[in-house]
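Here is the structure we will look at, set down as structure tokens.
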Amino acid sequence: MRAVLQCVSSASVTVNGGEPRAIGPGLVILVGVTQTDTPALAQKLAQKCAGLRVFPDRDDKLNCSAAGLGYSALVVSNFTLYGDASHGRRPSYTAAAKPSLAVEVYEAFLQALAGQGLRQVQHGEFGADMRVSLVNEGPVTLILDTADWA
């Protein structure tokens, strides 16, 4: 799995032109799933995201986690995180999981993240037309790839 994690003061996602799903301070997490990912791996990634110390403490050092501060998360599925643009001008997305697996792992990630002590977990919908807005803080942006954990 891959996740692009951003610290935000606020963020929202609008799904298929509907009402925005918004959070206050917390994390925006774009999540991509590849063919070898599992719900168990989604659990580990959720724990990592909620517990990462990426928010400043009183001394302005990045020592606080979203879960520790009671912040929220906005999660958006994003198969393009597995885009390969190494050849030509059109990225290949063959490394991205097929929808049946991707939905299962994405939903496992959402469920696991909801159990990590965050104030709330808002999310987009897999395969939907989405518009994401955010105010990045720091800016703090990290790329997590579970393949690097092996």
Side-chain angles (χ1 to χ4, degrees), residues 1-85 91 93 95-97 101-150:
M1 294 181 73
R2 286 188 182 149
V4 175
L5 183 139
Q6 295 181 297
C7 295
V8 299
S9 56
S10 62
S12 66
V13 62
T14 302
V15 179
N16 294 326
E19 290 296 313
R21 301 170 185 181
I23 65 167
L27 300 170
V28 168
I29 308 170
L30 306 178
V31 177
V33 180
T34 193
Q35 299 143 357
T36 57
D37 291 334
T38 64
L41 192 56
Q43 172 77 32
K44 291 179 185 177
L45 182 60
Q47 290 171 344
K48 182 74 144 181
C49 289
L52 274 174
R53 298 183 333 181
V54 292
F55 291 95
D57 62 15
R58 291 183 184 144
D59 296 324
D60 211 28
K61 302 226 184 274
L62 299 180
N63 280 327
C64 299
S65 68
L69 293 169
Y71 284 176
S72 299
L74 174 67
V75 182
V76 177
S77 63
N78 192 324
F79 75 93
T80 64
L81 293 180
Y82 278 98
D84 178 3
Y93 301 104
L101 174 62
V103 168
E104 177 186 5
V105 173
Y106 174 67
E107 289 179 358
F109 178 81
L110 291 173
Q111 184 176 8
L113 193 62
Q116 297 301 312
L118 298 165
R119 170 173 280 160
Q120 67 173 326
V121 176
Q122 293 282 1
H123 58 86
E125 291 180 22
F126 186 89
D129 178 45
M130 295 178 278
R131 301 287 181 260
V132 179
S133 298
L134 61 94
V135 178
N136 193 307
E137 285 294 321
V140 174
T141 302
L142 296 172
I143 300 170
L144 306 176
D145 193 329
T146 59
D148 296 339
W149 299 353

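Looking at S10, its side chain never comes within 3.5 Å of a backbone N or O of V135 through a donor-acceptor pair. At least one donor-acceptor pair closer than 3.5 Å links the side chain of D57 to the backbone N or O of D59. Of the possible polar contacts, one joining the N16 side chain to the D129 backbone as a donor-acceptor pair under 3.5 Å is found. When atom types are taken as modelled, the side chain of T80 and the backbone of G83 share no donor-acceptor pair closer than 3.5 angstrom.
The shortest heavy-atom contact between I29 and A73 is CD1-CB, 4.4 Å. Scanning all heavy atoms of the two residues, the minimum distance from A11 to V28 falls at CB-CG2, 3.4 Å. Summarising the geometry of A66 relative to L27, their closest heavy-atom pair is CB-CD1, 3.7 Å, with the distance given to 0.1 Å. Nearest heavy atom pair, residue P39 against residue E104, reads CG-OE2, 3.6 Å. Closest approach of N136 and L134 over heavy atoms only: N-CD1, 3.7 Å.
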Donor-acceptor pairs under 3.5 Å, side chain of residues 42-53 to any protein atom, not counting sequence neighbours: which ones?
none

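Two residues are said to be in side-chain contact when any heavy atoms from C-beta on lie closer than 4.5 Å; V31 and M1 meet this criterion. For the pair P20 and T14, the minimum side-chain heavy-atom distance is below 4.5 Å. Contact of the M130 side chain with the S77 side chain is registered, since non-hydrogen atoms from C-beta on lie closer than 4.5 Å. Proximity of V105 to L41: side-chain heavy atoms (C-beta onward) are nowhere separated by under 4.5 Å.
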Worksheet item: Yes or no on side-chain contact (heavy atoms from CB on, under 4.5 Å) for V8 and I23, after CA distance, side-chain angles and deciding distance?
Response: CA-CA 9 Å; V8 299; I23 65 167; 4.1 Å; yes

Worksheet item: Run the side-chain contact (heavy atoms from CB on, under 4.5 Å) check on Q120 and R21 step by step: do they pass?
Response: CA-CA 11 Å; Q120 67 173 326; R21 301 170 185 181; over 6 Å; no

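Around atom CD of Q35, more than 12 heavy atoms belonging to other residues, nucleotides or ligands sit under 6.0 Å away. Within 6.0 Å of atom CZ in R119, 12 or fewer heavy atoms from other residues, nucleotides or ligands are found, so the atom counts as exposed in its surroundings. The environment of CD1 in I143 is sparse: at most 12 heavy-atom neighbours from other residues, nucleotides or ligands sit within 6.0 Å.
Partners of Y71 under the ring-ring contact (aromatic ring centres under 6.0 Å, His included) rule, at least two apart in sequence or in another chain, are F55.
For the atom pair CZ of F79 and CG of L81, the computed distance is 10.0 Å after rounding to the nearest 0.5 Å. With rounding to the nearest 0.5 angstrom, the CD atom of Q6 is 10.5 Å from the CG atom of L74. To the nearest 0.5 Å, atom OG of residue S65 and atom CG of residue N63 are 10.5 Å apart.
Ring geometry, F126 versus Y106: the interplanar angle falls from 30° to 60°, so the pair is classed tilted.
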